[in-house]
Participant: 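Before I ask anything, here is the structure I am working with.
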Amino acid sequence: MKELQNWFKAKTLILTHGDSDGICSGAIAKTAYPDAYVYFTNPVNLLEKLRLIEDVKTLIICDIAIDERNCSELHAALSGLAEKCNLYYIDHHPLPKSCEKESWFYHDIEACSSELTYRLFGERLDRDMRRIAIYGAIGDFCDSTPYLKSWVKDWDKRSLYFQAGTLTQAILYKGREYEFKRGLLEPLSKDVIPSNIPELLELAREAAINEERLRLFVKYNVEVLRNSAYIVNTNNSISKVAIYAAFYGRREVGIAAEYREKKGAYDLSIRSRGEMDVNHILRSVAPIFGGSGGGHPLAAGARIPENSLNAFLRAFDKKLGEAHE
């Protein structure tokens, strides 16, 4: 309730994703608009949140993919808000075919949202904030763009990767603890290095120890299909699990699924080690089973109803095989 009260009072509102790129994007946006209130959300819940917004002057949305199932409704809601406030929608995920681009939509699949946010608000920012954009890019595997390659030259690359790794490991380790993430965003918006944020180094260390246990668990428990390998309910970072599932399953695509009791569904992370566009395949297969999904060509996510998981995994695997032909 308190969070909703803060939201309703905010004249500047930032809606962003809760991963490292989303947090860094939100931090950069908050540096540009210091009085903004930050709320974490995701593609599935974005439309619902937009309908709660009443009296806001500036709305900034970062790193939230367009959900194919409600693309038209989302466009209508955003267009209505754009008539009443300054709207900035910053994203880098592949768009549904039916998605219409508008002047308030800042989109580029070649760059991460952190980079795009810095480039958009650069005139309001100190050049040192590029460092935060670099952390987000490293955490989202988007650190090879022309801008990033240029910005990295201004810093010791080894230090950048240490700080980005510390931040990303801690974020993944804490999972869905959004108050923790909000606590990170404030110092990042003031260009505090992650290793100087209280408890972050110890959390990163615990995350590394936990990841090693996780790696070994996946090694001995991964399930293998013809074109993909998967593992279910490790109660851990599903993005890391998917990477290890592909490696130890000796398949091009790795899948990790985690059951969400409140949703009655499984959340999935899918990683491709090669040229397979898992985003494209996922968008075509997930709706067949009452689910939704999407992301990037080599990294995507989905939510699948609990009773449909096994059928989905096999249908998705079959589509992977057909794409190879």
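Since we're looking at a predicted model, the values are computed, not measured.
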Participant: If I take atom CG from residue Asp91 and atom OG from residue Ser25, how far apart are they, to the nearest 0.5 angstrom?
Facilitator: 9.0 Å

Participant: Would you call Asn227 and Glu252 a side-chain contact if the rule is heavy atoms closer than 4.5 Å?
Facilitator: no

Participant: Going by side-chain heavy atoms closer than 4.5 Å, which hydrophobic residues are tied to Leu298, directly or by a chain of links?
Facilitator: none

Participant: Minimum heavy-atom separation for Cys71 to Ile66, with atom names?
Facilitator: SG-CG2, 3.9 Å

Participant: Kindly say whether Thr58 contributes a backbone atom to a donor-acceptor pair with the side chain of Thr12 at under 3.5 angstrom?
Facilitator: no

Participant: Give a yes or no on whether the backbone of Tyr259 and the side-chain of Asn233 come within a donor-acceptor separation of less than 3.5 Å.
Facilitator: yes

Participant: Cluster question for you: counting only ILVMFWY and a side-chain heavy-atom cut-off of under 4.5 Å, with indirect links fine, are Tyr266 and Val218 together?
Facilitator: no

Participant: Count I, L, V, M, F, W, Y as connected when their side-chain heavy atoms are under 4.5 Å apart, and connections chain through other members. Are Leu200 and Phe162 then in the same cluster?
Facilitator: no

Participant: Does one hydrophobic cluster hold both Ile109 and Met276, with members joined at side-chain heavy-atom distances below 4.5 Å?
Facilitator: no

Participant: So do Leu116 and Arg119 actually touch side chain to side chain, heavy atoms under 4.5 Å?
Facilitator: yes

Participant: Could you walk me through whether Ile304 and Leu313 pass the side chain to side chain contact (heavy atoms under 4.5 Å, CB included) test, one step at a time?
Facilitator: CA-CA 10 Å; Ile304 303 297; Leu313 289 172; over 6 Å; no

Participant: Partners of Thr145 by side-chain hydrogen bond (donor to acceptor under 3.5 Å, both in side chains), sequence neighbours excluded?
Facilitator: Glu115

Participant: Look at atom CD of Glu102 and say whether more than 12 heavy atoms of other residues, nucleotides or ligands are closer to it than 6.0 Å.
Facilitator: yes

Participant: In residues 237-249, what donor-acceptor pairs under 3.5 Å come from side-chain atoms, sequence neighbours left out?
Facilitator:
residue	atom	partner	partner atom	Å
Ser237	OG	Ser239	OG	3.2
Lys240	NZ	Gln169	OE1	2.8
Lys240	NZ	Glu211	OE1	2.9
Tyr244	OH	Glu211	OE2	2.7
Tyr248	OH	Arg215	NH1	2.6

Participant: Identify, with sequence neighbours excluded, every residue that meets side-chain contact (heavy atoms from CB on, under 4.5 Å) alongside Thr31.
Facilitator: Leu125, Met129, Ser189

Participant: Nearest 0.5 Å, please: how far is CG in Leu13 from CG in Leu59?
Facilitator: 5.5 Å

Participant: With ring-ring contact (aromatic ring centres under 6.0 Å, His included) as the rule and sequence neighbours excluded, what pairs involving residues 111-157 come up?
Facilitator: Tyr33-Phe121, Tyr88-Phe121, Tyr118-Trp151, Tyr147-Trp151

Participant: Between CG of Asp140 and CD1 of Ile138, what distance do you get to the nearest 0.5 Å?
Facilitator: 11.5 Å

Participant: Using the side-chain hydrogen bond (donor to acceptor under 3.5 Å, both in side chains) criterion, which residues pair with Glu206? Sequence neighbours excluded.
Facilitator: Tyr173

Participant: Are the side chains of Leu320 and Leu225 in contact, using a 4.5 Å heavy-atom criterion?
Facilitator: no

Participant: Could you check whether any side-chain heavy atom of Ile134 comes within less than 4.5 Å of a side-chain heavy atom of Leu148, counting everything from C-beta outward?
Facilitator: yes

Participant: State, to 0.1 Å, how close Gly18 and Ile23 come at their nearest heavy-atom pair, and which atoms those are.
Facilitator: O-CD1, 3.7 Å

Participant: Do NZ/NE/NH1/NH2 and the carboxylate oxygens of Asp35 and Lys11 come within less than 4.0 Å?
Facilitator: no

Participant: Please check this pair: side chain of Arg182 against backbone of Tyr39, looking for a donor-acceptor N/O pair closer than 3.5 Å.
Facilitator: no

Participant: Measuring only between side-chain heavy atoms, which start at C-beta, is Lys174 closer than 4.5 Å to Leu184?
Facilitator: no

Participant: Do Cys142 and Asp21 have side chains that get closer than 4.5 Å, going by heavy atoms?
Facilitator: no

Participant: Flag yes if more than 12 heavy atoms outside Lys319 fall under 6.0 Å of its NZ atom; otherwise flag no.
Facilitator: no

Participant: I need the full list of salt bridge (Lys or Arg N to Asp or Glu O under 4.0 Å) pairs touching residues 256-269, with sequence neighbours left out, sorted by first then second residue.
Facilitator: Arg176-Asp267, Arg260-Asp267, Asp267-Arg303

Participant: Decide yes or no on side chain to side chain contact (heavy atoms under 4.5 Å, CB included) for Lys84 and Asp55, but give the supporting numbers first.
Facilitator: CA-CA 9 Å; Lys84 303 175 184 178; Asp55 185 26; over 6 Å; no

Participant: Hey, could you give me each pair passing ring-ring contact (aromatic ring centres under 6.0 Å, His included) that has a residue in residues 268-303? Not counting sequence neighbours.
Facilitator: His92-His296, His93-His296

Participant: Within the structure provided, determine whether Phe105 and Leu95 are in side-chain contact (heavy-atom separation under 4.5 Å).
Facilitator: yes

Participant: Quick check: closest heavy atoms across Val278 and Ala300, and the distance to 0.1 Å?
Facilitator: CG2-CB, 4.1 Å

Participant: What about Ile197 and Ile28, same hydrophobic cluster or not, with Ile/Leu/Val/Met/Phe/Trp/Tyr joined at side-chain heavy-atom distances under 4.5 Å?
Facilitator: yes

Participant: Looking at side-chain heavy atoms only, is the closest gap between Thr41 and Glu48 below 4.5 Å?
Facilitator: no

Participant: Got a donor-acceptor contact below 3.5 angstrom from the Thr168 side chain to the Ala164 backbone?
Facilitator: yes

Participant: Which residue pairs pass the salt bridge (Lys or Arg N to Asp or Glu O under 4.0 Å) test with at least one member in residues 286-302, sequence neighbours excluded?
Facilitator: none

Participant: Apply side chain to side chain contact (heavy atoms under 4.5 Å, CB included) to the pair Leu81 and Trp104, showing each step before the final yes or no.
Facilitator: CA-CA 11 Å; Leu81 286 166; Trp104 39 260; over 6 Å; no

Participant: Using a strict 4.0 Å threshold on nitrogen-to-oxygen distance, state whether Glu186 and Lys190 make a salt bridge.
Facilitator: yes

Participant: For a side chain to side chain contact (heavy atoms under 4.5 Å, CB included) check, start with the C-alpha distance between His17 and Cys62, then their side-chain angles and the critical distance, and finish with the verdict.
Facilitator: CA-CA 7 Å; His17 196 208; Cys62 303; over 6 Å; no

Participant: Looking only at side chains, do Asp317 and Ser228 share a donor and an acceptor under 3.5 Å apart?
Facilitator: yes

Participant: How far apart are the closest heavy atoms of Ala323 and Ile281, and which atoms are they?
Facilitator: CB-CD1, 4.0 Å

Participant: Could you state the interatomic distance from CZ (Arg51) to CG (Leu47), rounded to the nearest 0.5 Å?
Facilitator: 4.0 Å

Participant: Side-chain heavy atoms under 4.5 angstrom apart, residues restricted to Ile, Leu, Val, Met, Phe, Trp, Tyr: same cluster for Ile231 and Val253?
Facilitator: no

Participant: State, to 0.1 Å, how close Pro96 and Arg283 come at their nearest heavy-atom pair, and which atoms those are.
Facilitator: CG-NH1, 3.8 Å

Participant: Under the ring-ring contact (aromatic ring centres under 6.0 Å, His included) definition, can you give me all pairs with a residue in residues 179-218, not counting sequence neighbours?
Facilitator: none

Participant: For Leu172, which fellow cluster members are found when Ile, Leu, Val, Met, Phe, Trp and Tyr are connected by side-chain heavy-atom distances below 4.5 angstrom, either directly or through intermediates?
Facilitator: none

Participant: Roughly how far, to the nearest 0.5 Å, is SG of Cys24 from CG of Leu188?
Facilitator: 5.5 Å

Participant: Under the side-chain contact (heavy atoms from CB on, under 4.5 Å) test, which residues partner Lys157, sequence neighbours left out?
Facilitator: Val152, Tyr161

Participant: Can you tell me how far apart CG (Leu46) and CD1 (Ile61) are? Round to the nearest 0.5 Å.
Facilitator: 5.0 Å

Participant: Look at atom CG of Asn235 and say whether more than 12 heavy atoms of other residues, nucleotides or ligands are closer to it than 6.0 Å.
Facilitator: no

Participant: So, for Leu15 and Ile64, which heavy atoms are closest and what is the spacing to 0.1 Å?
Facilitator: O-CD1, 4.0 Å

